[in-house]
Visitor: 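Got a structure for you, questions after.
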Protein chains: 2
Amino acid sequence: MKRNTWQREAVRDALDGTEGFISAQALHSALHASGSPIGLATVYRALGDLAASGDADCLQSPEGEAIYRACSTGHHHHLICRNCGLTVEIAADEVEAWAQRVAGEHGFTSAAHVVDVFGLCADCSRQAAEPASAESASA
Amino acid sequence: MKRNTWQREAVRDALDGTEGFISAQALHSALHASGSPIGLATVYRALGDLAASGDADCLQSPEGEAIYRACSTGHHHHLICRNCGLTVEIAADEVEAWAQRVAGEHGFTSAAHVVDVFGLCADCSRQAAEPASAESASA
DNA sequence: ATGGTTTTGACAATCATTATCAATAGTGAT
DNA sequence: ATCACTATTGATAATGATTGTCAAAACCAT
């Protein structure tokens, strides 16, 4: 049976109040900064529960850490700027259908998919187009 | 200047000869099993170099490990059994087009994408369907 | 073969995450 | 409100992947 603890609510609130993705470590730090004496292990557990119950999205950052995000509107994917980290939520009905179909064609079941698009957002694209900086002329 | 060592070729060969994705640890184990006394750190370095030079793709497995694959035959995606590791290569023209379009709609450029489908292959699905164990009737 | 420099490899260090386990605090019943 | 029961917490150790270190060895050009 699941019990109701202030720790779990604190994690849920903190995640809700976070703009983009956040790692367990960062969330723990943020909570401590807010005065919560919550333990690190508890943050990991709460995030894991949230992800398991579908209330949070979990994916792996390029640095190899697990990062979480409040997930209200069901299943969706992300468009992530690899320079500034800007994240845009995108619906992907086509991809959903495609993934299920392809999985089915090969006899696979319980198909989950990792569909994330990395690129340069408009701002960063513009900056990249106007370098005006000396490039390192390494071999 | 990059030098040519048998270790680096061994890693490249092993990666080429691997069907789907493989982690650095697994590749190291495989090399050892083949008789190579190559060191673990060297495998990590070689894989990192391969990825940096574009000869290998690197992404994060759901378990949080970095997994690599040889990147020879152009761009394609994978259908991976999360139980037995079976990997099926799949073409994804629709997804390619979708990713480019979605990125463009949001002003993103240089869009790359990570599209991999994890599921249970036919064999593992069958095994999972006949558990012969009591399920926990949770809410 | 020689020299200069890169690479290797064993191991320590680091970092994120999970397990451990006694103490604590919900929950439901009295 | 109190009690007992048990899920949860939290400090810390343990784990496991990855990276840094640095002397020794290997590679390449001469």
Side-chain angles (χ1 to χ4, degrees), chain A residues 1-15 18 20-53 55-69 85 114 138-139, chain B residues 1-15 18 20-53 55-69 82 85 136-139:
Chain A
M1 182 222 303
K2 273 276 190 278
R3 290 181 183 177
N4 229 10
T5 62
W6 63 266
Q7 286 96 334
R8 229 169 303 220
E9 295 207 4
V11 169
R12 183 186 296 255
D13 279 357
L15 198 60
T18 298
F21 288 93
I22 189 169
S23 70
Q25 305 271 348
L27 194 61
H28 178 237
S29 296
L31 282 168
H32 261 204
S34 304
S36 271
I38 191 172
L40 176 60
T42 304
V43 173
Y44 273 98
R45 277 185 290 240
L47 283 175
D49 287 350
L50 247 29
S53 65
D55 293 320
D57 265 349
C58 170
L59 64 88
Q60 310 282 127
S61 80
E63 289 80 34
E65 305 161 68
I67 51 180
Y68 296 85
R69 202 196 139 149
V114 177
S138 60
Chain B
M1 180 225 302
K2 273 275 189 280
R3 290 183 184 175
N4 231 7
T5 62
W6 64 266
Q7 287 97 334
R8 226 168 306 217
E9 294 207 4
V11 170
R12 184 187 294 257
D13 279 358
L15 198 60
T18 298
F21 289 92
I22 189 168
S23 70
Q25 305 272 348
L27 194 62
H28 178 236
S29 296
L31 282 168
H32 262 203
S34 305
S36 270
I38 191 172
L40 177 59
T42 303
V43 173
Y44 273 98
R45 278 186 291 240
L47 283 174
D49 286 350
L50 247 29
S53 66
D55 292 321
D57 267 348
C58 171
L59 63 89
Q60 309 282 126
S61 80
E63 289 78 34
E65 305 160 68
I67 51 180
Y68 298 84
R69 99 183 129 157
R82 90 180 94 217
S136 55
S138 61

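Quick note on labels: first sequence line is chain A, next is B, and so on, each numbered from 1. Values reported hereafter were calculated over all heavy atoms of this structure, with side chains retained and with hydrogens, waters and symmetry mates removed.
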Visitor: Do any N or O atoms from the side chain of A/His28 and from the backbone of A/Tyr44 form a donor-acceptor pair under 3.5 angstrom?
Guide: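 Not a single qualifying donor-acceptor pair exists.
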
Visitor: Starting at CZ of A/Arg8, measure out to OG1 of A/Thr42 and round the result to the nearest 0.5 Å.
Guide: 9.0 Å

Visitor: Write down the distance between CD (B/Gln7) and C1' (D/dA24), rounded to a whole number of angstrom.
Guide: 13 Å

Visitor: For B/Glu65 and C/dT17, give me the distance from atom CD to atom P, rounded to whole Å.
Guide: 13 Å

Visitor: Look up atom CG in A/Leu47 and atom CZ in A/Arg12, then write down how far apart they are to the nearest 0.5 Å.
Guide: 11.0 Å

Visitor: Judged by each residue's nearest nucleotide on DNA chain D, which is more toward the 5′ side, B/Ala66 or A/Leu40?
Guide: A/Leu40

Visitor: Below the 4.0 Å mark, does C/dT8 have OP1 or OP2 next to a side-chain nitrogen or oxygen of B/Thr5?
Guide: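 For C/dT8, OP1 or OP2 has a side-chain N or O of B/Thr5 closer than 4.0 Å.
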
Visitor: Check the distance between C/dT17's P and A/His28's NE2 and give it to me in whole angstrom.
Guide: 13 Å

Visitor: Nearest heavy-atom pair of A/Pro37 and A/His32: which atoms, and what distance?
Guide: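 Heavy atoms only, the tightest pair is C-NE2, 4.0 Å.
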
Visitor: Rounded to whole Å, how long is the line connecting atom CH2 of B/Trp6 with atom C1' of D/dA26?
Guide: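 Going from CH2 in B/Trp6 over to C1' in D/dA26 covers 11 Å.
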
Visitor: Rounded to whole Å, please give me the gap between CG in B/Leu47 and P in C/dT8.
Guide: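 The distance from CG of B/Leu47 to P of C/dT8 comes to 12 Å, rounded to the nearest Å.
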
Visitor: Starting at the 5' end of DNA chain D, which residue's closest nucleotide do you reach first, B/Gly64 or B/Asn4?
Guide: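 Closest to the 5' end, via its nearest nucleotide, is B/Gly64.
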
Visitor: Can you work out whether B/Arg8 or B/Ala41 has the more 5'-proximal nearest nucleotide on DNA chain C?
Guide: B/Arg8

Visitor: Atom CG of B/Asp49 and atom C1' of C/dT6: how far apart are they, to the nearest Å?
Guide: 12 Å

Visitor: Rounded to the nearest angstrom, tell me the gap between atom CD in B/Glu9 and atom C1' in D/dC27.
Guide: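 Distance, rounded to whole Å: 13 Å.
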
Visitor: Mind checking if A/Gln25 touches a base, just sugar-phosphate, or nothing, with heavy atoms under 4.0 Å?
Guide: base

Visitor: So, under a plain 3.5 Å distance rule, would you say the side chain of B/Arg45 forms a donor-acceptor pair with the base of D/dT19?
Guide: no

Visitor: Indicate the atoms forming the closest heavy-atom contact of B/Ala14 with B/Leu31, along with that distance.
Guide: CB-CD2, 3.9 Å

Visitor: Within the 4.0 Å heavy-atom criterion, would you say B/Thr42 contacts the bases, only the backbone, or no part of the nucleic acid?
Guide: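 B/Thr42: base contact, heavy atoms under 4.0 Å.
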
Visitor: Rounded to the Å, how far apart are B/Arg3 CZ and D/dA24 P?
Guide: 18 Å

Visitor: Check the phosphate of C/dT17 against A/Tyr44, side-chain N and O only, distance under 4.0 Å to OP1 or OP2. Yes or no?
Guide: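 Yes, because at least one side-chain N or O of A/Tyr44 sits under 4.0 Å from OP1 or OP2 of C/dT17.
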
